[in-house]
Amino acid sequence: MKDQLISIEHLFVTLNGSHQPLLEDVNLTIKMGEMVGLIGESGSGKSLTSRAVTGLLPKEMRVSGRISYGGNNLLELSDKERYKQLGIKIGYIFQDYRGSFTPFIRIGKQMTETIRTHIKLTKKQSEQLAREVLNEVGLEDKTIYHRFPFQLSGGQIQRAAVAMTLALKPELIICDEMTTALDVITGEKVLNYLAKVQKETGCAVLIITHDLAQAYKHTNRIYVMQQGRIVEEGLSEEVRCHHKHPYTKKLCSCLLALPGEDLITTASQVMVK
Amino acid sequence: MKKGNATLFNLPITTKLGITLVSFLLILIFFGEWIMPYDPFQIDMNNRLESMSHQHWLGTDQLGRDIFSRIVYGAKLTIGLGVITIILSVIVGVPIGLISGFSGGKIDAVFMRIIDAILTFPDFILAIAIAGLLGPSLTNIVIAIVLVRWIVYARLVRSQVLELKQQEYILASKISYSSKWRTIRMHILPHLIPTIIAIGAVDVGKVILLISSLSYIGLGAQPHIPEWGAMLNDGRGYFQVVPALMMYPGLAIMLTVLIFHLLGDGLKNRFDIRKRGLRK
Amino acid sequence: MRLVFSMIGKRITQLLIMFLLLSFITFVLMKLTPGDPVRTILNVEDVSTTTAQEELIKQQYGFDRPILIQYGEWLSNVVQLDLGESIIAKQPVLQLIINRLPASVALTIGGLVALLVIAVPFSVLAAIYENKWPDYLCRGVAIIGASIPSFWLGLLLIFFFSLQLNLLPVMGRGTLAHYILPSVTLGMAMAPVYIKLLREQLIDILQSSYIESAIARGIPRWRILLFHAIRGSLIPLVTMFGLSIGSLLGGITVIEMLFSWPGMGELIVNAVTQRDYPLIQGYIIVVGSLVVFINLLVDLITMLINPQIMQEARRAQ
Amino acid sequence: MKTLTIEKLTKSYAKETVALDEFSLGIDQGGCIGIVGESGSGKSTLARILLGLESFDQGQILFKGLQIPPKKKKDYRDYRRDVQMVFQDATSALNPKLPIWKIILEPLDNFKEVKPSFIKEDGLSRKAVASHLLEMVGLEREFVDRYPYQLSGGQKQRVSIARAISLEPSLLICDEPTASLDVTVQFQILELLKKLQEETNMTILFISHDIRAVTFLCEKIVVLKQGIIVDHFHMKDLYKKNRHLYTKQLIKVASLS
């Protein structure tokens, strides 16, 4: 398919010296400009999958399979070539906002450092760009630019991280539980800015989350992961209302309904043990 | 994190090594008198500065005393002093740390001020001061070191207590109507004791170094006493003629301190103490 | 700025508490002291002296007055920067110490340079190759280094480089070559603690999520190592230095003795063996103030390189 | 008479940060009360004050007519027996050095004269009592001899609940008991709490940031924002027009459409 941005085929990840694979036959495709959700509980392998894409897996893990991106199999590229794609082609936003930026370097400096790593700009131009994108995500550049990360709230930091991806315009942004450590309302705000950036740049977004409601609301398509395997895939509506796999059913049944809310057609609260 | 039941055989290699070497030291300390071929104080001016031989395994010093016997005798003295110093420091420091950390508030603030003030004052310098005013002797050195060392344990215990106090099981214990003493016994001491033992083991090594350094500059053990540092000081003048005089006591110190380091590190691993929580 | 003042204030309080504690201890000890300073001054162990002579000395040095009065007098003198006169050298104590200060400071700086040259490369290597052979090597070196008595290490260095190879001078202070052995000995004596700390720091930092973020942003590895990781590990290093300045001053004493280095350490050891009480007291006061002063400097430097401390201090106010 | 009456409770940490501002609430015996708020809303402070783990500046708390925290030793003892808590982080709430049975029995060991109603026979061994409690929270008896690190997050939280209910308290305070659990486990813990509440008629004060969890468990809901009660309503009025704007916002974020 032509509009395919990235496609993961038969991905296996195994810890050295162990036979039980951590990821087993994972297949996942993301089209250009698409928002895809990857949901699962802790330990299901969703973060491993995204790290396999960026090449950030720990050294003691073996990877096999194929990740096609831009006509290449990423797994066959050299470390150096993969490293070059980080940031500029594939953006990554992490869960723990305290770790999104280095704590003792000012936000602005880290942004220009990143920008100038990838784009040939003068110091002034990169500062200009950094200030622009900060404003885009609703942060006042005058104050934020000179702040240290610990002087900002979690929501502000994650918005700055979103701004960072906006400056580099990557084709794919991977958000690994980026709102989990935030308050719900703040998290929603960050996600809305993410959606805005997605619309402006037309990039694809992979949202990794354990929060089904979030995935339903913010993505077009959802993959459900359990114990290192993808157990179900489909449009968000489909996964929510017409799921087939028992695990998806269990997940959905555990999503507590607000009163009067029709969660799933069966609306059962069967406990699948 | 926790490994299964550790038997003597699946311990890490460093610990095994540590245990073997410590047993070796213990033999030296308790059975040294039977091993010593000569009286370590026996002066024999006919056999001065002899090199290694069947009669004198490590040779003799400038007064004809048997070096091997002196080192064996010195083991008991050096290690014994180190251990006593640390035990005294623990006895003084741990209760203060417990009280300070557990009660918090003003008591804590006062203790911390005093501790801060003493902390700026290095044990080495205090030892010099005490040796200078009371006269150089091993007892005075031990007093001087304890005066400063207890702080290590008070601070260690206090910071551990403060950290543990954040743990919700301490709160749960309070909610369960457990008395303070019961909470300490049930939830705090089991965490503290291994840490203190492990740190104490390393500290014994450090104190041995300190005492021998002080003895070396003449502020600790007096020259005729076979403390290893004093032996080095003793042989200083003959160092260029007979390097062996410097070699063996120095090696003895190094190996002993190394053993305590290995032991401490082994215990730290065994008890899984490595800065919990900091690494995410 | 208010913050800096409050910090200076805190350190000065600390200095005062320490000062009172110490002067109290030294005075109590002097009272208990078994040796008789009067006899030391007369410098006669075997020759019999008349009691009249002793009385005269006692009066001259004020030993006959009640201890509290002696203490008060001494305190007020110290405040006026008068630390009294050495019994042996018959010179002002402060002058004697100040004369010796430059040599000790020079050796300290030499030791710090040696320390950095030894500790930084070792720990960076160990951290990058965690649990591989460079790491094991560094840890081995560190643990053995921590077990060697510094004076013995110095002796070994003298033995090999001066006596056997005849490369470097043994004693005294003169040319730059004279600095090498004492500095290296001091540096090596301090290195193990720093290697251990720096290595653990770096390993923690290299595994931290902010380093992962920097990697994910595609920042070149060397930049990450230099500006994000090593820079971050310097903060505890400086704090560590502040904490260990005391033991450094102690360690330097032994090394000065070993190399006959004309610093404060040599001065004090001789003072102790000669029972020169005013000098010992003066030395304690000077060293104590020095420690507090250096710690104040360390505080200020930490504030400069670690903005977070500033923030927390501000919040605490 | 209300079981618990809180009147104008005020607590501030520093000059500017007010954790609770004139917080007033009355609670009857039985049922579940939900307190919803985001981080910094003062909800955890409230829990800690109710448990006597923290002091407060102004206002008063009456529990069964007694001032909290009680001054008399006997009253204090009764209060400790009657008010228990389940913590957010089950890992931190269980001492890693102790076996499960010792953990569970800590409260009962301090109240030797108490004979809980769920113990039918006499002369049971301590371990048997502990395993009985484990069964009540849906864990197998064999768990008594295990250590916390051998348990999953959900199982640890069950142990924590078992400890809290061992004295049969009339008020159980749950501070985000499900926040660090997976969704499926979260659901099971909520079910367990619901079941236990129905069986024992204790009052559960359920503190959470998750409005879904609160609506699942509670009949009455209090919405806290920056130390102030902004909304206070019965479950059936959740969608009423006169809900506070902040409540509406919370609902909107949580809802699927």
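Numbers restart at 1 for each chain; the letters A, B, ... are given by sequence-line order, proteins then strands. Keep in mind that what you see is a predicted model, and the values were worked out from it rather than measured.
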Side chain from CB out, backbone as N, CA, C, O: work out which of these in B:Leu258 comes under 4.5 Å of a heavy atom of chain C, or both, or neither.
both
Does C:Thr253 reach the main-chain N or O of C:Gly250 with its side chain, forming a donor-acceptor pair under 3.5 Å?
yes
Keeping the roles fixed (side chain from B:Ser100, backbone from B:Gly97), state whether a donor-acceptor pair exists under 3.5 Å.
no
Chain B: which of C:Ile143, C:Ile268, C:Leu248, C:Val269 shares the most heavy-atom pairs with it under 4.5 Å?
C:Ile143
Per-residue contact mode, B:Leu251 against chain C (heavy atom under 4.5 angstrom)
both
Between C:Phe151 and chain B, which part of the residue has a heavy atom less than 4.5 Å away: side chain, backbone, both or neither?
side chain
Could you tell me which portion of C:Ile144 (side chain, backbone, both or neither) has an atom closer than 4.5 angstrom to a non-hydrogen atom of chain B?
both
Side chain / backbone / both / neither for C:Leu156 at chain B, heavy atoms under 4.5 Å
side chain
Without swapping roles, check the side chain of B:Trp228 against the backbone of B:Ile71 for a donor-acceptor pair under 3.5 Å.
yes
Closer than 3.5 angstrom, by distance alone: can the side chain of C:Glu266 be matched with the main-chain N or O of C:Met257 as a donor-acceptor pair?
no
Counting heavy-atom pairs under 4.5 Å to chain C, which of B:Ser212, B:Gly229, B:Gly218 comes out on top?
B:Ser212
Verify, without hydrogens or angle tests, whether B:Thr85 (side chain) and B:Val142 (backbone) share a donor-acceptor contact under 3.5 angstrom.
no
Under a 3.5 Å distance rule, please check whether B:Trp150 uses its side chain to pair with a backbone N or O of B:Leu147 as donor and acceptor.
yes
Answer with side chain, backbone, both or neither: which region of B:Leu232 has an atom nearer than 4.5 Å to a non-hydrogen atom of chain C?
side chain
